[in-house]
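Below: the structure, in structure tokens.
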Number of protein chains: 2
Amino acid sequence: MNDTKLTQIEQARKGNATKALKQVAEEEGLPADQILELVALGKVVIPLNPNHGDIHPVGIGSQLRTKVNVNIGTSEDFPEIENELKKTEIALKYKTDTIMDLSTGGDINKIRRKILDKARIPLGTVPIYQVGIQAIEKRGAIVDMTAEDIFSVIEEQAQEGVDFMTVHAGLTSKAIDRLKKQGRIADIVSRGGAFHLAWILHNQKENPFYEKFDRLLDIAHKYDVTLSLGDGLRPGAIADASDRPQFEELLTLGELVKRSWEAGVQVMVEGPGHVPLDQIDMNMKIQKRVCQGAPFYVLGPIVTDIAPGYDHIVSAIGGAVAAWSGADFLCYVTPSEHLGLPTHDDVREGVIASRIAAHAADIVKGVSGAAEKDSAISKARRRLDWEAQKKLAIDPYKFEDIRNQRQTKSKACSMCGDFCALQMVEDFLNSSEKASDASTE
Amino acid sequence: MNDTKLTQIEQARKGNATKALKQVAEEEGLPADQILELVALGKVVIPLNPNHGDIHPVGIGSQLRTKVNVNIGTSEDFPEIENELKKTEIALKYKTDTIMDLSTGGDINKIRRKILDKARIPLGTVPIYQVGIQAIEKRGAIVDMTAEDIFSVIEEQAQEGVDFMTVHAGLTSKAIDRLKKQGRIADIVSRGGAFHLAWILHNQKENPFYEKFDRLLDIAHKYDVTLSLGDGLRPGAIADASDRPQFEELLTLGELVKRSWEAGVQVMVEGPGHVPLDQIDMNMKIQKRVCQGAPFYVLGPIVTDIAPGYDHIVSAIGGAVAAWSGADFLCYVTPSEHLGLPTHDDVREGVIASRIAAHAADIVKGVSGAAEKDSAISKARRRLDWEAQKKLAIDPYKFEDIRNQRQTKSKACSMCGDFCALQMVEDFLNSSEKASDASTE
């Protein structure tokens, strides 16, 4: 019944509920018909490259649980594969929805293949990193990469099974002009964005992703790779948020969303960046409008620049507000952001912080089953049932560690001990209710 | 010129700018006249008991920097004084604005006096804890405490120099009736609230704080103790937020604010609790309206129940949104909340998380000098000036630790190394600007 040559969006348009779509519907607790319509409209993507094999399908977009992504990957200073495989394990243990491999150090082909093997969830990449590194190796500089280099790397990664790819197709010459006129504190903080800017300025040519977008669409369609339209001009400082270059790029991304849909390619859009609290809602609404409801994938937002070492917390604040305002997919940020490559512990802290933000938003977005989780753990807390609370906690391992470190003789916890409010109220409110029931008899 | 028998609010009403008020004005970067008017109207408090000696004065309320409080204190399981003195040091090192001593274990009088000595910033307490514990010692049960016990402990603590006190004066018999009718998941999670409920139900009498509020006002006036009207009925589960018992108590607190002002007593109001994201703004606005602009002191808000072990992050999300919506004073929450007494590390994590939330809100509240801090660190980041960034970071110690752990040969950081976007853009954007400048000459 399903035409396997068609992408998820094309299948949905034909009314075919794929196996993956049915699984997504079941996990979300929503009717398959509803998911089918959302995928057909492009409001939900299911990034799933058939060459990745039988992975766990994940739906991202409107009306679904807000999803979380973990970035891992080597750097020049830390090129060891084992480290990144360990981070993959941790990311999976703490229940990330997707992983992106952003490796730029060591044998990045080998690393990507190992992670593709290990991660049975959607895997994303930023292919321009590999293109840039190969350009340095083969031609001496990033600015010497060619359009051929770019598309051959993309096809290679698609063939291997990469499920979604970030492409900075909206960082055009015109956007760079606006950037120059703007006068930002931090012009560009996107690594991929910087590669493109360097290439465009050095070669005095238009961004190849933009100019040859149809060629990109052909590859994406062939492998059902979901495009993630990158925001190379995302603000890197609070003071730069929501400026003309940012929105110039967004307008172009909106046009590219339309072209992707016309080509039967699944697409989502990436967003800012450093954004003060009172500009987040506006940013989410502009994206949803200009990009006609395409899923929005946000990094942060980072709501203050002053907290390196704690940017997982900064991003949890921004991410919660963003998801509440309509963002569908949160890219985690770790405590090491702005300082260095994340450690294993950072991955854990980052993914949990993002999941907290996503869940806090899902409660108020009315996501199916979200608020029920809070009521379940609160009922267990009211009963002082520590085992049940542990099972329902977002991180049962940390729950247990803290409890074990702080032994108490009380049935309650070591903060209040026998002065536990819950226990006292249970004793008095219930006993008084019984007494007053008795007196009215 | 200043009448030392008058409280800060009475001095301000007379147009006398006290030494403390002038210091507050200078630190806030605002004219003393503006602070004077805000204190006179009750919209700003300066908790400063003259018996605490020459402490650092702190203004809390409208138009000022959002302040942060750290709770410390022994429990039955961990009664050691040294532990809590160490926490006091950590709280001061990481720049809390105030401290509350909530000790309930060991020699709590001695502990409080030691902390009063050590903390040269405003110190708060919840006197009912001491009253309850003494009632157990002297009379066998908390419910056997008397109004005399209560006021003698309050006078004793005021005499010693406690600057602000939480009193649960709004937890009346009527509020308990509404609580019974409501049917909450977690009836009462406030320890002080539970003491009162137990006492009221057992003795079938009205809350002594409410019934003898004038007596409380006399003591508060005598020592210029700032009252912090506690929310014994704050919701302890997302599902219980913004319900009738909560607002019943708030209405009473609004009346008590008015009576405090009439008596020349400084007063602030405490607020929820567990509150979903979309109810925070409404809660802040109701409090400000019903309590006629009195400063709002919030615990959390906790925006999801499912993350014990990470409630500092949960509260940073809620606290940022609350402060943005008008909360003036954030009580920190540590990773151990709902699990046990906080450790030394927890104190650090808690105070920094709260300071991040406060600052993220101050940027958008337009607090004097707030956004400038972000621009300063972002400019240092743009220059890859790591020393300047460290000095401007909210936690320079953690900044340094992470940098030291992740050595790099690059001028940038170990995440991107030589692929640093900032560095690449600097090289290309500037060189291209120079080239194009040259070509037009």
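This structure is a prediction, so every number in the text was calculated from the model and none was measured. Labels below follow one simple rule: chain letters A, B, ... track the order of the sequence lines, proteins then strands, and each chain is numbered from 1.
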Item to check | Side chain, backbone, both or neither of B:Arg355 within contact of chain A (heavy atoms, under 4.5 Å) | outcome: neither
Checklist entry - Which bit of B:Ile377 is near chain A, if near means a heavy-atom gap under 4.5 Å: side chain, backbone, both or neither? => result side chain
Item to check | Contact origin within B:Phe78 toward chain A - heavy atom pairs under 4.5 Å | outcome: side chain
Checklist outcome for this item: Looking only at B:Ala237, B:Gly417, B:Ala360, the option with the highest number of non-hydrogen pairs under 4.5 Å against chain A is B:Ala360
Checklist entry - Should B:Ile142 and A:Met424 be marked as a side chain to side chain contact (heavy atoms under 4.5 Å, CB included) after you check the CA-CA gap, both sets of side-chain angles, and the distance that decides it? => result CA-CA 10 Å; B:Ile142 286 176; A:Met424 226 179 307; 4.2 Å; yes
Next on the checklist: By the definition side-chain contact (heavy atoms from CB on, under 4.5 Å), identify the one residue from A:Ile306, A:Ile238, A:Asp240, A:Ile185 that meets it with B:Ser378.
Outcome noted: A:Ile185
Checklist entry - Shortest non-hydrogen contact from B:Ile317 to A:Ala320? => result CG2-CB, 3.5 Å
Next on the checklist: With a 4.5 angstrom heavy-atom cut-off, is it the side chain or the backbone of B:Ile352 that approaches chain A, or both, or neither?
Outcome noted: side chain
Checklist entry - For B:Thr408, is it the side chain, the backbone, both or neither that has a heavy atom under 4.5 Å from a heavy atom of chain A? => result both
Checklist outcome for this item: With chain B, the option among A:Val303, A:Ile176, A:Val364 that has the most non-hydrogen atom pairs under 4.5 Å is A:Val364
Checklist entry - For A:Ala393, is it the side chain, the backbone, both, or neither that has a heavy atom closer than 4.5 Å to a heavy atom of chain B? => result both
Checklist entry - Which heavy atom of B:Lys398 sits nearest a heavy atom of A:Gly309, and at what distance? => result NZ-O, 3.2 Å
Checklist outcome for this item: Taken to the nearest 0.5 Å, the spacing of B:Asp374 CG from A:His274 NE2 works out to 9.5 Å
Item to check | Sub-6.0 Å ring centroid separation between A:Phe195 and B:Phe419 | outcome: yes
Next on the checklist: Once rounded to the nearest 0.5 Å, what's the spacing between atom NZ of A:Lys409 and atom CD of B:Glu76?
Outcome noted: 7.5 Å
Checklist entry - Could you walk me through whether B:Val189 and A:Arg381 pass the side chain to side chain contact (heavy atoms under 4.5 Å, CB included) check? => result CA-CA 10 Å; B:Val189 294; A:Arg381 184 172 290 146; over 6 Å; no
Checklist entry - Is any side-chain heavy atom of B:Leu429 closer than 4.5 Å to a side-chain heavy atom of A:Ile188? => result no
Checklist entry - Where does B:Ile363 contact chain A at under 4.5 Å (heavy atoms): side chain, backbone, both or neither? => result side chain
Checklist outcome for this item: Turns out that what part of B:Leu197 lies under 4.5 Å from chain A's heavy atoms comes down to side chain
Checklist outcome for this item: Highest number of heavy-atom pairs under 4.5 Å with chain A among B:Leu392, B:Leu339, B:Ile313 belongs to B:Leu339
Checklist entry - Does B:Lys390 reach the side chain of A:Pro308, with side-chain heavy atoms less than 4.5 Å apart? => result no
Checklist entry - Passes side chain to side chain contact (heavy atoms under 4.5 Å, CB included), B:Phe428 versus A:Ile200? Steps please. => result CA-CA 10 Å; B:Phe428 277 91; A:Ile200 292 167; over 6 Å; no
Checklist entry - Can you say whether B:Arg184 sits under 4.5 Å from chain A via the side chain, the backbone, both, or neither, judging by heavy atoms? => result backbone
Item to check | Steps toward side chain to side chain contact (heavy atoms under 4.5 Å, CB included) verdict (B:Asp77, A:Gln407) | outcome: CA-CA 8 Å; B:Asp77 291 305; A:Gln407 297 292 346; over 6 Å; no
Checklist entry - Heavy-atom distance under 4.5 Å to chain A: side chain of B:His338, backbone, both or neither? => result both
Item to check | With A:Asp346 via side chain to side chain donor-acceptor pair (under 3.5 Å) - residues at least two apart | outcome: A:Ser336, A:Thr343, B:Arg406
Item to check | Option in B:Ala198, B:Pro276, B:Ala239 with maximal non-hydrogen atom pairs under 4.5 Å from chain A | outcome: B:Ala198
Checklist entry - If you tally heavy-atom pairs under 4.5 Å against chain B, which of A:Thr74, A:Thr304, A:Asp401 wins? => result A:Thr304
Next on the checklist: So which residue, A:Trp324, A:Phe399, A:Tyr129, A:Trp386, ends up with the most heavy-atom pairs under 4.5 Å with chain B?
Outcome noted: A:Trp324
Item to check | Polar side-chain atom of B:Ser75 near backbone of A:Cys416 as donor-acceptor pair, under 3.5 Å | outcome: no
Checklist entry - Is any side-chain N of the basic residue among B:Asp305 and A:Lys373 closer than 4.0 Å to the acidic one's carboxylate O? => result no
Checklist entry - Once you round to the nearest 0.5 Å, how far does CE of A:Met415 lie from CG of B:Leu341? => result 6.0 Å
Checklist entry - Picking from B:Asp187, B:Ile402, B:Asp395, which has the most non-hydrogen pairs under 4.5 angstrom with chain A? => result B:Asp187
Checklist entry - Looking at A:Ala316, A:Gly319, A:Pro335, which makes the most heavy-atom pairs under 4.5 Å with chain B? => result A:Ala316
Checklist outcome for this item: Under 4.5 Å to a heavy atom of chain A? For B:Arg403 that would be side chain
Item to check | Structural part of B:Ile136 lying under 4.5 Å from a heavy atom of chain A | outcome: side chain
